[in-house]
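Pasting a structure here, questions to come.
Basis for what follows: all heavy atoms, side chains included, without hydrogens, waters or symmetry-related copies. All chains are named by letter (A, B, ...) in the order of the sequence lines, taking the proteins before the strands, and each is independently numbered beginning at 1.
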There are 2 protein chains.
Amino acid sequence: MRELVLDILTEQKMAISLSDLEQKFHKSDRVTLYRTLKTFEEKKLIHSIDDGTGAVKYALCKESCQCHPEELHVHFLCLKCQHTFCLNDIPIPFIKLPVNFSIENINMVVKGVCSNCKD
Amino acid sequence: MRELVLDILTEQKMAISLSDLEQKFHKSDRVTLYRTLKTFEEKKLIHSIDDGTGAVKYALCKESCQCHPEELHVHFLCLKCQHTFCLNDIPIPFIKLPVNFSIENINMVVKGVCSNCKD
DNA sequence: ATTAGTTTGCAACTCAGTTGCATAAACTTT
DNA sequence: AAAGTTTATGCAACTGAGTTGCAAACTAAT
């Protein structure tokens with residue numbers, strides 16, 4: 001099961017949600033897929049993206065990724081096709097926080113229209 | 001009802017969720033509050049923040065705010081107290097998107113520990 | 001083969017968000 | 001002021017994502 005899920009994740013060009021994943025199988029159990037994604041995430045194979053659509057999406061990490069704030073990238077949600085892209089080449093810019101605020105993680109989601117959906 | 005909600009929102013130093021709001025009333029209807037927040041948001045009195053905690057939070061907009069991408073600010077979620085701050089002084093940095101990607105909105109949430117909760 | 005550990009599947013629950021419908025309140029028009 | 005219209009509120013109920021517990025199936029190790 002997990003191998004199948006990994007295969008599917010590898011094929012994906014964009015991040016996919018649990019329900020997306022579910023629909024790639026004829027017969028599957030939501031919970032199994034759910035737990036699979038959780039373990040993959042724990043093992044830092046994939047990272048999760050909360051793009052505000054209500055369903056968390058998942059995408060493969062670059063190799064040796066530790067998911068530290070410095071190595072996080074920007075995500076893009078297309079408001080037309082609802083696809084979520086990992087903009088791997090666009091790092092999240094440095095933010096100067098107020099004094100005594102420490103940083104552990106950043107989530108940055110840009111919403112707009114992707115190149116496929118424009119005009 | 002709406003006036004009461006507006007009062008509460010004005011007192012708040014941080015963004016609050018629907019359930020937070022609900023608990024400020026002895027007797028209240030979730031749906032009424034929900035719809036109140038929705039209308040406030042439509043009228044650009046408040047803005048919503050999806051900080052990834054599972055519940056959308058709301059905070060007053062600065063006057064004359066049109067909620068355009070340029071005037072958006074960074075939000076901060078404290079992982080200890082779970083409070084969500086509007087970092088009104090910290091604008092969201094400009095992001096150069098891939099060609100043919102257009103931008104409509106940005107959500108940027110920094111997670112960490114706030115000054116009250118540190119050490 | 002027996003045991004222990006892991007993975008899967010089912011049922012069921014929580015919680016946020018949402019909708020439809022009926023009543024109540026406020027505002028309009030005559 | 002009465003009748004009619006619009007707007008706001010409250011109740012019930014549903015959806016969908018995420019989650020947990022438990023038992024059955026599978027795997028590996030002695």
Side-chain angles (χ1 to χ4, degrees), chain A residues 1-10 12 14-59 67 75 77-79 81-84 105 107 109 111, chain B residues 1-10 12 14-59 67 75 77-79 81-84 105 107 109 111:
Chain A
M1 197 80 244
R2 293 191 183 177
E3 292 177 7
L4 291 175
V5 172
L6 191 57
D7 287 350
I8 292 180
L9 285 168
T10 318
Q12 295 307 311
M14 8 214 141
I16 68 172
S17 68
L18 176 56
S19 5
D20 293 340
L21 185 59
E22 209 182 340
Q23 286 171 6
K24 306 243 171 216
F25 292 93
H26 302 87
K27 199 181 183 304
S28 67
D29 189 86
R30 226 169 79 257
V31 182
T32 304
L33 299 176
Y34 166 73
R35 285 196 264 236
T36 301
L37 291 173
K38 281 277 166 178
T39 28
F40 282 179
E41 194 184 8
E42 250 168 51
K43 300 289 194 275
K44 305 252 173 76
L45 275 173
I46 61 177
H47 62 278
S48 62
I49 307 123
D50 185 349
D51 59 11
T53 51
V56 174
K57 292 180 183 164
Y58 299 87
C67 292
H75 289 97
L77 168 67
C78 175
L79 297 168
C81 63
Q82 294 285 307
H83 283 156
T84 300
N105 201 341
N107 184 32
V109 178
K111 296 175 194 177
Chain B
M1 198 79 243
R2 292 192 182 176
E3 292 177 7
L4 290 175
V5 173
L6 190 57
D7 287 349
I8 292 181
L9 286 168
T10 318
Q12 295 306 311
M14 8 214 142
I16 68 172
S17 69
L18 176 55
S19 4
D20 293 340
L21 186 59
E22 209 181 340
Q23 285 171 7
K24 306 243 171 217
F25 292 93
H26 303 87
K27 199 181 182 303
S28 67
D29 189 86
R30 226 169 77 258
V31 182
T32 305
L33 299 176
Y34 166 73
R35 286 196 264 236
T36 301
L37 292 173
K38 281 276 166 177
T39 27
F40 282 178
E41 194 184 8
E42 249 169 50
K43 299 291 193 282
K44 306 251 173 74
L45 276 172
I46 61 178
H47 61 278
S48 63
I49 308 124
D50 185 349
D51 59 9
T53 51
V56 174
K57 292 181 184 163
Y58 299 87
C67 292
H75 289 97
L77 169 67
C78 175
L79 298 169
C81 63
Q82 295 284 306
H83 282 156
T84 299
N105 202 340
N107 184 33
V109 179
K111 296 174 195 177

Under 4.0 Å between a side-chain N or O of B/Ser17 and OP1 or OP2 of C/dA16?
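For B/Ser17, the contact criterion (side-chain N or O under 4.0 Å from OP1 or OP2 of C/dA16) is not met.
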
Would you give the length of the straight line joining atom SG of B/Cys81 to atom CE of B/Met14, rounded to the nearest 0.5 angstrom?
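Taking SG in B/Cys81 and CE in B/Met14, the distance rounds to 6.5 Å.
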
Can you list the residues that meet the side chain to side chain donor-acceptor pair (under 3.5 Å) rule with A/Asp20, with sequence neighbours excluded?
A/Ser17

In B/S/- notation (B base, S sugar-phosphate only, - none; protein heavy atoms under 4.0 Å), nucleotides 8-14 of chain C written 5' to 3' is BBBB---

With a cut-off of less than 4.0 Å, is there a side-chain N or O of B/Lys38 near OP1 or OP2 of C/dG17?
no

When the distance from CD of B/Glu3 to P of D/dT7 is rounded to whole Å, what number comes out?
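Spelled out: CD on B/Glu3 to P on D/dT7 is 18 Å.
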
Quick one: is C/dA16 close enough that its OP1 or OP2 comes under 4.0 Å of any side-chain N or O from B/Tyr34?
no

I need the CG-P distance between A/Leu33 and C/dT7, as an integer number of Å.
15 Å

Do A/Leu18 and A/Val56 come within less than 4.5 Å of each other through their side chains, counting heavy atoms only?
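No, every pair of side-chain atoms sits at 4.5 Å or beyond.
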
Check each residue of residues 48-59 of chain B for a non-hydrogen atom within less than 4.0 Å of any atom in DNA chain C, then write out the ones that pass by number, or none.
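Output list: B/Gly54, B/Ala55, B/Val56.
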
Do the non-hydrogen side-chain atoms of A/Gln12 and A/Ile8 ever get within less than 4.5 Å of each other?
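A/Gln12 vs A/Ile8: side chains touch.
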
Any side chain to side chain donor-acceptor pair (under 3.5 Å) involving residues 24-47 of chain A? Give me the pairs, sequence neighbours left out, ordered by first then second residue.
A/Glu41-A/Ser48, A/His47-A/His73, A/His47-A/His75

I'd like to check A/Tyr58 versus A/Leu21 (side-chain heavy atoms, cut-off strictly below 4.5 Å). Are they in contact?
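They are not in contact (no side-chain heavy atoms under 4.5 Å apart), so the answer is no.
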
Would you find a donor on one side and an acceptor on the other, under 3.5 Å apart, between the side chain of B/Asn107 and the backbone of B/Asp50?
yes

Atom pair distance, as rounded to whole Å: CZ in B/Phe25 and C1' in D/dG10
14 Å

Atom pair distance, as rounded to whole Å: CD in A/Glu22 and P in D/dA17
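After rounding, the reported distance stands at 9 Å.
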
Test of understanding: with side chain to side chain donor-acceptor pair (under 3.5 Å), list the residues that count as partners of A/Asp51, not counting sequence neighbours.
A/Thr53, A/Lys57, A/Thr84

